[in-house]
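Since the structure comes first, as structure tokens, the remarks are kept for the end.
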Amino acid sequence: MINVNIEGCKTFVKEEEYKKFEGKALEAYDVLVSGNGAGNDFLGWKELPDETPESLITDCEAIRNDWKCKGVDLVVTIGIGGSYLGARCAIEALSHNFIQKKDAPRVVFAGNNLSEEYLAELIDLLKVSNVACVVISKSGTTTEPAVAFRIVKQYIEDTYGRREASERIIAITDAKKGALKTLSTQEGYRTFIVPDNVGGRFSVLTPVGLLPIVLAGFDVRAMLKGASDERKALAEKSGSNAAVKYAAMRNLLYSGYGKAVEIMVSYNPKFVYLAEWWKQLYGESEGKDGKGIYPASVTNTADLHSMGQFIQEGSRVMFETVINIAKSNRDIVIGSDEQNLDQLNFLAGQHIEHCNAMAQLGVKVAHIDGGVPQIEVGIERIDEYNLGSLFYFFEFACGVSAYTLGVNPFNQPGVEAYKKNMFALLKKPGYEKETEAILKRI
């Protein structure tokens, strides 16, 4: 279960003010649970931990086994935003930092940028690998993944032949419509469905996230169990509910004290992409109607030597949400050195993680003294079960927080603006008037 500690904010806020926002968060909790709020046609994610069929997992495992028989050692997962961030978060968190997992293919990600160098270097990798592909897109026409898929698809067809390509390409897409669905039917691709009632940034526990995670060799049953247990923990409506505490305090800091920036802090580099997933979840859910807390992130202790100065003494517009990991999965003890030139013999016999924990505690005291409130979100360790809990906690808390803020958590009207301008500048047919108007402005 996820533990939320807000004691690091108590010196910054008044108790009666917190109680007021706790009441607002409890009202928002009711809205989310009842399904009566704005965007309520996108609440399918709430049931996923307990309603994901075993057949879906075994279908994912069948593909993993099939590709293993073919000798596949590289899977290109193509998607953007919520179509890749959850899977990448889980895979990077669970993987060895330096050694490729022996019994699973390497999973890499494409379709999340328009960098020519990135795609050219991806082709370099394809040429020295045995390749398969998972393409994730509800429409099949989103520019970044569509461009990447066109290139990867052509490579696979040219290398293995069109018939074999149909066995090496999996599509995760709409059940009935869209360009990718049409192509999948024509070519005979095996497909998984993106549920209509689950938005992209809430989709990590759908095939969008589960298939790449299974292919990478990790246990999604444990992940779903963690999410299910967290769902049960959040089912009790009270002021001690972790999602209510998180939503109440962050909204109080924002609305009452002008803390418009929230920094997610981790002391483990495996969680870099947890922060990237979280930033999309909260940025896209809350950043609308002229409102919202700007989500940022740092990875300590590395970023204490870059962003630490600003956080300690810069503009007082921020608060921190620190991910506490109670236990390390590995053990290393610092040894003694006869010369002691580095003057570290006082640490001899200490675990590295103890030093990390003391650094974290020291930073907490320094930043609070420097005017930066701190929320702590605690998990036991980094594994599939705890990641599932963390995913579900942040999704549920996001719904509560956005309703507390007074915005629809499940739409994203602002993301279309750049697309229209990009299409006009690329001279896409049908955008002639927009092209002329934009060229006058630049």
Side-chain angles (χ1 to χ4, degrees), residues 2-33 37-39 234 236-265 275 278-298 307 310-324 363-378 393-411 414:
I2 302 301
N3 175 57
V4 172
N5 180 355
I6 57 174
E7 291 300 313
C9 302
K10 290 295 182 69
T11 58
F12 297 89
V13 303
K14 296 178 181 178
E15 181 65 22
E16 60 269 25
E17 292 176 325
Y18 177 74
K19 285 296 182 183
K20 177 183 176 182
F21 273 83
E22 181 185 273
K24 291 182 177 181
L26 287 167
E27 291 175 4
Y29 177 97
D30 282 338
V31 173
L32 180 62
V33 170
L234 296 174
E236 181 182 347
K237 178 188 173 183
S238 71
S240 61
N241 182 295
V244 170
K245 288 167 68 175
Y246 181 55
M249 185 55 79
R250 66 194 302 273
N251 275 279
L252 170 57
L253 291 169
Y254 168 66
S255 298
Y257 294 88
K259 302 295 185 181
V261 177
E262 179 177 7
I263 305 175
M264 174 172 276
V265 183
W278 170 84
K279 284 191 285 189
Q280 189 208 0
L281 180 65
Y282 280 78
E284 204 167 70
S285 295
E286 292 190 326
K288 58 198 69 163
D289 302 337
K291 302 177 182 179
I293 302 167
Y294 184 82
S297 63
V298 295
M307 295 300 294
F310 190 99
I311 296 170
Q312 185 71 45
E313 295 185 338
S315 302
R316 302 295 78 189
V317 297
M318 67 192 71
F319 65 96
E320 294 178 306
T321 293
V322 179
I323 307 298
N324 277 338
V363 170
K364 176 180 179 178
V365 174
H367 285 186
I368 290 173
D369 287 349
V372 183
Q374 189 174 107
I375 299 171
E376 295 174 276
V377 175
F393 164 75
F394 275 124
E395 289 176 348
F396 192 92
C398 183
V400 176
S401 184
Y403 283 139
T404 303
L405 183 62
V407 299
N408 179 351
F410 306 112
N411 67 349

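Note that the structure is predicted; figures quoted are calculated from it, not measured.
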#### Entry: Chi angles and distances behind the side chain to side chain donor-acceptor pair (under 3.5 Å) call for His367, Glu320
CA-CA 9 Å; His367 285 186; Glu320 294 178 306; 3.0 Å; yes
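- Under a 3.5 Å cut-off, the side chain of Lys259 and the backbone N or O of Arg316 do form a donor-acceptor pair.
- Smallest separation of non-hydrogen atoms from Ser285 and Pro409: OG-O, 3.2 Å.
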### Trace of the side chain to side chain contact (heavy atoms under 4.5 Å, CB included) decision for Lys245 with Tyr18
CA-CA 9 Å; Lys245 288 167 68 175; Tyr18 177 74; 3.8 Å; yes
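- Looking at Tyr282, its side chain does come within 3.5 Å of a backbone N or O of Cys398 through a donor-acceptor pair.
- Judged by distance alone, with hydrogens and angles left aside, the side-chain atoms of Glu313 form no donor-acceptor pair with the main-chain N or O of Phe310 at under 3.5 Å.
- Closest approach of Ser401 to Asn251, counting heavy atoms only: OG-ND2, 3.0 Å.
- Counting only distance, with no hydrogens or angles, the side chain of Asn3 and the backbone of Gly378 share no donor-acceptor pair below 3.5 Å.
- Using bins of under 30°, 30° to 60° and over 60° for the plane-to-plane angle, the ring pair Tyr246/Phe393 lands in the tilted bin.
- Atom-to-atom distance recorded for Asp289:CG and Leu405:CG is 8.5 Å, nearest 0.5 angstrom.
- To the nearest 0.5 Å, atoms CD (Glu236) and OH (Tyr29) are separated by 8.0 Å.
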### Task
Evaluate the criterion salt bridge (charged side-chain N to carboxylate O under 4.0 Å, His left out) for residue pair Arg250 and Glu286; output intermediate values, then yes/no.
CA-CA 12 Å; Arg250 66 194 302 273; Glu286 292 190 326; 2.8 Å; yes
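- For Lys288 (side chain) and Glu284 (main-chain N/O), a donor-acceptor pair under 3.5 Å exists by modelled atom type.
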### Task
Could you please spell out the steps behind the salt bridge (charged side-chain N to carboxylate O under 4.0 Å, His left out) verdict for Lys19 and Glu22?
CA-CA 5 Å; Lys19 285 296 182 183; Glu22 181 185 273; 3.6 Å; yes
